[in-house]
Amino acid sequence: LGAALTELPDRPRLAVVSAFGGPALPQSIENMAEWALLRPVREIDLLTMLRQATGQASEAVEVSADLGLKVLLAEDNPVNIEITRGMLEKLGCTVEVAVNGLAAADKAGAERFDMILMDCQMPIMDGYEATRQIREQEDAVGEIPIIALTANAFDEDQRACRAAGMNGFLAKPVTLEALLAELRR
């Protein structure tokens, strides 16, 4: 692979992702790579590398915060749950998980949350219906911010989220910076 890459007329920029670093990484590959990331890759390291590769800020992106929010994460995908929970906890949030819309509506009715992150496509009850039910059961304490999490980022999807009663919108895959901006808003 290394020899083939060096022979290309427009040699691509190379990032190596490995479970091993230092002496375990072949020297020929290490010499060719502009970036070396260790697995599991942290989002901040990947974001920093992408910014450097695209000519944006070369310094690491600082996204640490201690928001102290209690967040309900309504998401059915186990990988998305772990990634989003990790980002929220890094930002100083306490996280509860609901794996479907019905569970989200039930938890929101039983406990007080500072914010709800709502996946739009879930089993048993989707995020749109769950949001409508949460809005119907809210008391005088006030409206809980509900932020849509969806892979569908078209204008009509955002309008559907707002029509259901959601206050914001995060397109998947969610980045730590976008999540932090929405939490602060």
Side-chain angles (χ1 to χ4, degrees), residues 17 19 37 39-51 61 63-185:
V17 178
L37 301 174
R39 287 192 321 208
V41 176
R42 295 181 323 150
E43 182 173 354
I44 190 68
D45 295 334
L46 182 60
L47 183 60
T48 299
M49 182 203 71
L50 291 172
R51 285 181 170 227
V61 179
V63 292
S64 63
D66 189 6
L67 301 176
L69 300 174
K70 183 176 178 182
V71 178
L72 175 60
L73 172 60
E75 171 68 66
D76 64 313
N77 182 295
V79 173
N80 291 344
I81 290 170
E82 288 311 308
I83 291 171
T84 308
R85 181 199 314 250
M87 287 190 284
L88 287 165
E89 288 174 349
K90 180 177 181 162
L91 296 172
C93 298
T94 303
V95 182
E96 293 226 14
V97 175
V99 295
N100 62 61
L102 182 60
D106 288 346
K107 283 186 181 234
E111 295 179 57
R112 180 73 184 155
F113 293 94
D114 297 305
M115 177 175 283
I116 300 172
L117 297 177
M118 182 73 72
D119 181 22
C120 293
Q121 304 299 321
M122 290 184 288
I124 302 176
M125 179 187 295
D126 67 26
Y128 303 106
E129 182 58 31
T131 298
R132 285 189 279 276
Q133 285 193 14
I134 291 167
R135 293 295 182 228
E136 289 174 5
Q137 66 190 15
E138 284 179 323
D139 58 17
V141 174
E143 186 176 280
I144 300 167
I146 301 176
I147 308 304
L149 297 175
T150 181
N152 301 324
F154 297 110
D155 287 340
E156 59 266 15
D157 299 307
Q158 290 187 37
R159 283 193 296 275
C161 291
R162 296 214 187 273
M166 297 180 193
N167 306 92
F169 185 90
L170 286 170
K172 291 181 184 180
V174 175
T175 67
L176 188 59
E177 284 183 317
L179 182 59
L180 177 59
E182 194 62 44
L183 290 170
R184 283 185 170 158
R185 184 178 71 78

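Everything quoted here is computed from the prediction, not taken from an experiment. Atom set for the values below is all heavy atoms of this structure, side chains included, hydrogens, waters and symmetry mates excluded.
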Kindly compute the distance separating [atom1] ([X]) from [atom2] ([Y]), expressed to the nearest 0.5 Å.
X    : Y    : atom1 : atom2 : value
N77  : I83  : CG    : CD1   : 8.0 Å
L88  : M115 : CG    : CE    : 9.5 Å
Q121 : K172 : CD    : NZ    : 9.0 Å
M118 : D126 : CE    : CG    : 9.5 Å
K70  : E96  : NZ    : CD    : 5.0 Å
L117 : C93  : CG    : SG    : 8.5 Å

* Asked: Can you list the steps and then say if R112 with I144 is a side chain to side chain contact (heavy atoms under 4.5 Å, CB included)?
  -> CA-CA 8 Å; R112 180 73 184 155; I144 300 167; 3.0 Å; yes
Nearest heavy-atom neighbours spanning [X] and [Y]:
X    : Y    : answer
I146 : I134 : CD1-CG2, 3.9 Å
A105 : Q137 : O-NE2, 2.8 Å
G127 : T131 : O-OG1, 2.8 Å
T175 : A178 : OG1-N, 3.1 Å
A148 : M166 : CB-SD, 3.2 Å
I81  : L73  : O-CD2, 3.9 Å

Does a side-chain heavy-atom distance below 4.5 Å link [X] with [Y]?
X    : Y    : value
L67  : L180 : yes
N80  : L149 : no
L72  : E111 : no
E129 : R132 : yes
E89  : V95  : yes
L91  : L176 : yes
V174 : E182 : no
Y128 : Q133 : no

Side chain [X], main chain [Y], donor-acceptor under 3.5 Å:
X    : Y    : answer
K107 : V97  : yes
D119 : A74  : no
N100 : M122 : no

* Structure fact -> With sequence neighbours left out, the residues meeting side-chain hydrogen bond (donor to acceptor under 3.5 Å, both in side chains) with R85 are none
